[in-house]
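Worksheet: the structure to be examined is printed underneath.
Because the structure is a prediction, the values reported are computed rather than measured. Only this structure's heavy atoms are used, side chains among them; waters, hydrogens and symmetry mates stay out. By convention in this document, chain letters (A, B, ...) are assigned in the order of the sequence lines, proteins followed by strands, and residues within each chain are numbered from 1.
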Amino acid sequence: MRLDEAFYERDTVTAARELLGCTLVRRTEAGVIRVRLTETEAYKGGEDPASHAFRGVTPRNGLMFGSCGMLYVYFIYGMHYCMNIVAHEPGGVGAVLLRGAELLEGEALVRANRPGVPDKALLNGPGKLAKGLGIGLEWNGRNLLSDRELWVERDPSGALLPSEASPRIGISKGQELLWRFTPKENTAP
DNA sequence: CCGGCGATCCTCT
DNA sequence: GAGGATCGCCGGC
């Protein structure tokens, strides 16, 4: 069941937490890639100093102020792309960075995008995830509510994955906010 | 397994 | 002109 506008049009932090365990689907002419999201981060508007939207609208970040469910892609460090999904309360500002996933289906297609990479390093980072799925800047602004090549699904049962909150990675401001989400560790007996 | 470092160029001040 | 929502390689333990 594809995530709809109601899923994304809520508090950005809640959306980030509940995206964990959902399935990101990329359909290509050569086949389908399906991955399970295992790491997400929330970025808000004016109150969040780590956010691209912290200082208001710029040519790059405009999507974060707009319709929920749109893909926001940006280029970083001169060589990587990062995928975000716009999610915020009505009239709000924010997006969820997709930081990592595990492969469910379409291994050959992913490996074609990331040749020679060990299993553990296939999709465990935002740049790696975008590369593995073949997502670049030309995908910026795609509507994941209706797109035929890219969307997010969840289990119809609506069961939520137990999650753990931690500081976001790679930021210099806003480290006190625990807006990074990963699946809860299995605590050994 | 972990930390340091260089690559590389876009974005905003 | 500085810094960045990163990655992969290298060396050390």
Side-chain angles (χ1 to χ4, degrees), chain A residues 8 10-20 22 24 26 33 35 37-66 68-88 92-103 110-142 144 150 152 163-183 185-186 188:
Chain A
Y8 298 114
R10 317 183 269 169
D11 175 67
T12 310
V13 176
T14 303
R17 183 169 52 234
E18 298 199 6
L19 274 166
L20 270 191
C22 289
L24 177 62
R26 166 86 168 93
I33 299 169
V35 304
L37 296 173
T38 55
E39 187 180 358
T40 62
E41 287 178 358
Y43 288 87
K44 293 203 185 189
E47 81 212 64
D48 176 7
S51 171
H52 288 170
F54 181 54
R55 298 193 181 279
V57 184
T58 68
R60 176 177 65 169
N61 69 16
L63 280 163
M64 291 182 69
F65 295 75
C68 294
M70 311 301 262
L71 190 71
Y72 168 42
V73 180
Y74 62 85
F75 183 61
I76 189 69
Y77 293 120
M79 59 192 99
H80 305 293
Y81 298 98
C82 293
M83 307 170 61
N84 306 251
I85 305 177
V86 177
H88 52 70
V93 182
V96 177
L97 172 65
L98 306 183
R99 284 194 59 90
E102 62 184 33
L103 184 63
V110 174
R111 292 217 175 268
N113 292 330
R114 287 181 50 68
V117 173
D119 287 5
K120 290 184 300 185
L122 201 55
L123 299 169
N124 65 337
K128 302 176 194 178
L129 179 59
K131 186 97 187 288
L133 269 57
I135 302 297
L137 209 53
E138 69 277 14
W139 288 76
N140 193 35
R142 289 276 194 136
L144 302 194
L150 186 68
V152 184
S163 62
E164 206 160 82
S166 55
R168 293 168 293 177
I169 303 293
I171 58 172
S172 58
K173 286 167 285 187
Q175 289 159 335
E176 72 284 2
L177 300 170
L178 304 182
W179 287 355
R180 170 176 180 258
F181 297 99
T182 52
E185 298 285 339
N186 282 339

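Counting to the nearest Å, the P atom of C:dT6 and the CD1 atom of A:Ile135 are 18 Å from each other. A straight line from OH of A:Tyr72 to P of C:dA5 spans 9 Å, rounded to a whole angstrom. The interatomic distance linking A:Phe54 (CZ) with C:dG3 (P) rounds to 17 Å, in whole Å. One atom, CZ of A:Arg168, and another, P of C:dT6, lie 11 Å apart when rounded to the nearest Å. Here C:dC7 presents its P atom at 16 Å from NZ of A:Lys120, a figure rounded to the nearest Å. Between A:Asn84 atom CG and C:dG4 atom C1' there is a gap of 14 Å when expressed in whole angstrom units. When rounded to the nearest whole Å, the span between NE2 of A:His52 and C1' of C:dT6 equals 12 Å. Whole-Å rounding puts the A:Glu41 CD to C:dA5 P distance at 10 Å.
You'll find the side chain of A:Arg111 reaches within 4.5 Å of the side chain of A:Asp119, heavy atoms only. A:Leu71 places a side-chain heavy atom less than 4.5 Å from the side chain of A:Leu150. A:Pro126 places a side-chain heavy atom less than 4.5 Å from the side chain of A:Leu97. The shortest distance between side-chain heavy atoms of A:Tyr8 and A:Val152 falls below 4.5 Å. Using a 4.5 Å cut-off on side-chain heavy atoms (C-beta onward), A:Arg60 and A:Tyr72 make contact. Looking at heavy atoms from C-beta onward, A:Leu98 lies out of side-chain contact with A:Asn84 at the 4.5 angstrom threshold.
Within the 4.0 Å cut-off from OP1 or OP2 of C:dA5, not a single side-chain nitrogen or oxygen of A:Ser51 is found.
There is a side-chain donor-acceptor pair under 3.5 Å between A:Ser166 and A:Arg180. Side-chain contact annotation: A:Lys128 with A:Asn124, donor-acceptor N/O pair under 3.5 Å present.
Atom CD in A:Glu176 sits 8.0 Å away from atom CZ in A:Arg168 (nearest 0.5 Å).
Residue A:Met64 is in base contact, counting any heavy-atom pair closer than 4.0 Å across all strands shown. Residue contacts for A:Leu97: at a heavy-atom cut-off of 4.0 Å it reaches a base atom on one of the strands shown.
Taking a pair to require two hydrogen-bonding distances under 3.5 Å in either a Watson-Crick or a G-U wobble arrangement, B:dT8 remains unpaired. When Watson-Crick and G-U wobble pairs are counted only if both distances are under 3.5 Å, C:dA5 pairs with no nucleotide at all.
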Per-nucleotide protein contact string for nucleotides 8-13 of chain C (B base, S sugar-phosphate only, - none; heavy atom under 4.0 Å): S-----

Summary of protein contacts for nucleotides 4-13 of chain B, nucleotide by nucleotide, where a base hit scores B, a sugar-phosphate-only hit scores S (4.0 Å, heavy atoms): ---BBBSSSS

